[in-house]
2 protein chains.
Amino acid sequence: MFFEGSEKKAEVVVNSQNLSLLNDISNTFWQELVECCNAQILSSIENEHCKAFLLSESSLFVWHDRFLILTCGVTQLVKSVEYFIKNIQAKDIAHVTYQRKNEYFSNAQLSSFGDDIHLLSQYLTGKAYRFGEMYSHHNYVFHQDNGFQAQPDDITYELLAYQISEEASKLLTTHGLSAEKIREFFCIDDLLPDFIIDDFVFDPFGYSLNAIKGEDYFTIHVTPQAGSSYVSFESSLDLITMAAKIIAILKPASFDLLGFNDTEFADKVNVAIDKPYISNSLVSKKLDNGYFVCFANFITPETYYSSPFELDLTGESHAL
Amino acid sequence: MFFEGSEKKAEVVVNSQNLSLLNDISNTFWQELVECCNAQILSSIENEHCKAFLLSESSLFVWHDRFLILTCGVTQLVKSVEYFIKNIQAKDIAHVTYQRKNEYFSNAQLSSFGDDIHLLSQYLTGKAYRFGEMYSHHNYVFHQDNGFQAQPDDITYELLAYQISEEASKLLTTHGLSAEKIREFFCIDDLLPDFIIDDFVFDPFGYSLNAIKGEDYFTIHVTPQAGSSYVSFESSLDLITMAAKIIAILKPASFDLLGFNDTEFADKVNVAIDKPYISNSLVSKKLDNGYFVCFANFITPETYYSSPFELDLTGESHAL
């Protein structure tokens, strides 16, 4: 069974002197926004700075001045962004960014990145980039081009791990596995001390976690099945510094690190990422919206020939 | 402008004591077969062993006992295979294999590999494998499982080069470039002495070449545009031994080598492929139809950060 773990991601900043997304927007609005991309709210946690919704496909975080939404599978996230743009006064929207990882079952997607940008372009003008090679892991980034400048301390990260070790995949696909066991596996207590945690184990497998503390957020989404396993992390915490721990747990065949506004990204990556991983793609740019975006893809060289993956022709292969 | 260079490929072996594809099948039949996947025959060459058709999307080679067809773009090659199966008596069809490289604009495809196998399964039973990681370059291979055994000397190769050097891309996208200049660029006289050559320069760019000599064949297909360049080679000649020359000409960021029935594949690759290339995936298996299939993907490690690729939002981005 294959599932498209790769996320689409949108962040919208509002003029918080006019509009507080935490105080002025109802949960019903967020529910409707999430439904626009065919996802559902499963649960939520909150503190005075942030409300975090766990979704049937990934996560939504809402702060006073912005929201961040990640969705995977065949959700059409751009429809949720359109819903926001249509229902909030244009003068209150300060900035829109929209991002999409290359997919591996893109024939199953309802729209392509190009389609999505075409839709957004009806409402706003912007620029778009591909970080990473066409024929390798890459991220498409679109940002509104309206003079908005990101705060230098608005620093966030992504760590996207592909094809985790057989042991990790086996453990995470164990029938009836509890959320507690998965938190132990990821050493959540160690990684996220004093965070409020909300998590969910999907049936027959799959796992999502949201965590918040003050303005900080951390989210994990796990697609564990062997042959197409994928685990994503996104956070305001420094995932480069955490990478060694995470990589040691998952032992992925390859992974991406993305940094937004970490000016020391390259130096930190050099220190943090060691053999057997080798950098395959390194891309960076200071965008016109003030975000300094860095993308690094790492792979493990192979020296021995392994067997191919045999496809099951009895049922699910049409998902390929 | 993006074009899906990645090929689908089918090979069908017939019982040549009953049926000679060269003598008993008309060009009209091949034309109809090719039209089933929305391609057209542009031209052809032939000798006593082989007839080679240059197609609007890649190539068709016909021998007495088999045909091989490669098509790229959004062609639905499986429909051509279905046409053959429907129009030739089942007792005359000895073996069908069907192969598909992972695509990069698969949302534009009319069917997925899974869909294709589902269609073929109405007519024959088989097995399917993925050579290469899900999250990296990979090839899907389906073969009929009917006791057929390939001849050990039925040895063929593929070399698939991704993201060729800026210089190569620039030269190959030169307006009004002649076929002669492209043959010079690829050192065709040197690579293919005494071959009959048929080639075509597409408008505004793109190039295809078929070459035959005795039972040997060689074909090149070039998608040269910067940002998504791709050049494929397929031949009965030893492309591993030729790889160093070809790689030196194109300097691709990454490439795949595939071997069918070359038992010395691994050793030869070790000798032929040198720095800066590093093996990312190595996969091999002796299939139940007797073919020993080897797949090797090579990448170039990066040490410096480059700029992202800026997308043109005025027109063609919806192709992404």
Side-chain angles (χ1 to χ4, degrees), chain A residues 2 102-109 111-115 117-118 121 126-137 140-141 162-163 227-228 230 253-254 266 278-285 293-296 299-311 313 316-320, chain B residues 2 102-109 111-115 117-118 121 126-137 140-141 162-163 227-228 230 253-254 266 278-285 293-296 299-311 313 316-320:
Chain A
F2 291 94
N102 70 295
E103 286 125 4
Y104 295 88
F105 311 101
S106 67
N107 55 302
Q109 294 292 324
S111 61
S112 67
F113 179 75
D115 295 333
I117 297 317
H118 191 69
S121 297
K127 292 184 174 176
Y129 299 90
R130 186 188 71 223
F131 283 76
E133 296 170 10
M134 184 67 236
Y135 296 114
S136 180
H137 291 279
Y140 291 113
V141 178
Y162 307 98
Q163 208 175 317
S228 62
Y230 171 71
S254 62
I278 283 186
S279 58
N280 178 29
S281 292
L282 299 171
V283 190
S284 68
K285 185 178 174 68
V293 181
C294 295
F295 170 87
I299 61 118
T300 40
E302 294 214 11
T303 40
Y304 298 102
Y305 285 75
S306 60
S307 290
F309 184 80
E310 183 166 2
L311 304 178
L313 298 190
E316 296 291 342
S317 68
H318 61 279
L320 292 177
Chain B
F2 292 94
N102 69 294
E103 287 124 3
Y104 295 88
F105 311 101
S106 66
N107 55 301
Q109 295 292 324
S111 60
S112 66
F113 178 76
D115 296 333
I117 296 317
H118 190 69
S121 297
K127 292 184 174 176
Y129 299 89
R130 187 186 71 223
F131 283 76
E133 296 170 11
M134 185 66 235
Y135 296 115
S136 182
H137 292 278
Y140 291 113
V141 178
Y162 308 98
Q163 208 175 317
S228 61
Y230 171 72
S254 62
I278 283 185
S279 58
N280 179 29
S281 292
L282 298 172
V283 190
S284 69
K285 185 178 174 69
V293 180
C294 296
F295 170 87
I299 62 119
T300 40
E302 295 214 10
T303 41
Y304 298 101
Y305 285 76
S306 60
S307 290
F309 183 81
E310 183 165 1
L311 304 177
L313 298 191
E316 295 293 341
S317 67
H318 61 279
L320 293 177

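For clarity, every value in this text was computed on a predicted model and none was experimentally measured.
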Can you tell me how far the [atom1] atom of [X] sits from the [atom2] atom of [Y], to the nearest 0.5 Å?
| X | Y | atom1 | atom2 | value |
| --- | --- | --- | --- | --- |
| B:L313 | A:I117 | CG | CD1 | 7.0 Å |
| A:S136 | B:N280 | OG | CG | 8.0 Å |
| A:T300 | B:E133 | OG1 | CD | 6.5 Å |

Q: Under 4.5 Å, counting heavy-atom pairs only, tell me which of A:A266, A:S281, A:S254 racks up the most with chain B.
A: A:A266

Of the non-hydrogen atoms in [X] and [Y], which two are nearest, and what is the gap between them?
| X | Y | value |
| --- | --- | --- |
| A:Y140 | B:L311 | CD2-CD1, 3.8 Å |
| B:N107 | A:S112 | ND2-CB, 3.2 Å |
| A:S228 | B:M134 | CB-CG, 4.0 Å |

Q. Of A:F105, A:Y162, A:F309, which is the lone residue that meets ring-ring contact (aromatic ring centres under 6.0 Å, His included) with B:Y135?
A.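 Answer to the ring-ring contact (aromatic ring centres under 6.0 Å, His included) test with B:Y135 among A:F105, A:Y162, A:F309: A:Y162.
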
Q.
side chain to side chain contact (heavy atoms under 4.5 Å, CB included), that's the test. Do B:E302 and A:L282 meet it? Break it down for me.
A. CA-CA 6 Å; B:E302 295 214 10; A:L282 299 171; 4.2 Å; yes

Q | Residues forming a side-chain contact (heavy atoms from CB on, under 4.5 Å) with A:P301, sequence neighbours excluded | A | A:I278, B:I278

Q: Name the region of A:F295, side chain, backbone, both or neither, that has any atom closer than 4.5 Å to a heavy atom of chain B.
A: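 Interface part for A:F295: backbone (N, CA, C, O).
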
**Q.** chain B contact via A:A253 - side chain, backbone, both or neither, heavy atoms under 4.5 Å
**A.** side chain

Q) Among A:S307, A:P308, A:S306, which residue meets the side chain to side chain contact (heavy atoms under 4.5 Å, CB included) test with B:K285? A)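 Going through the options one by one, the only one that passes is A:P308.
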
Q: Would you mind checking which part of B:Y230 comes under 4.5 Å of any heavy atom in chain A, side chain (CB onward), backbone (N, CA, C, O), both or neither?
A: both

(Q) Between B:S121 and chain A, with a heavy-atom cut-off of 4.5 Å, which part of the residue counts as in contact: side chain, backbone, both or neither? (A) neither

(Q) Once salt bridge (charged side-chain N to carboxylate O under 4.0 Å, His left out) is applied, do any residues pair with B:E103, and if so which ones, sequence neighbours excluded? (A)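 B:E103: salt bridge (charged side-chain N to carboxylate O under 4.0 Å, His left out) contacts with B:R100.
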
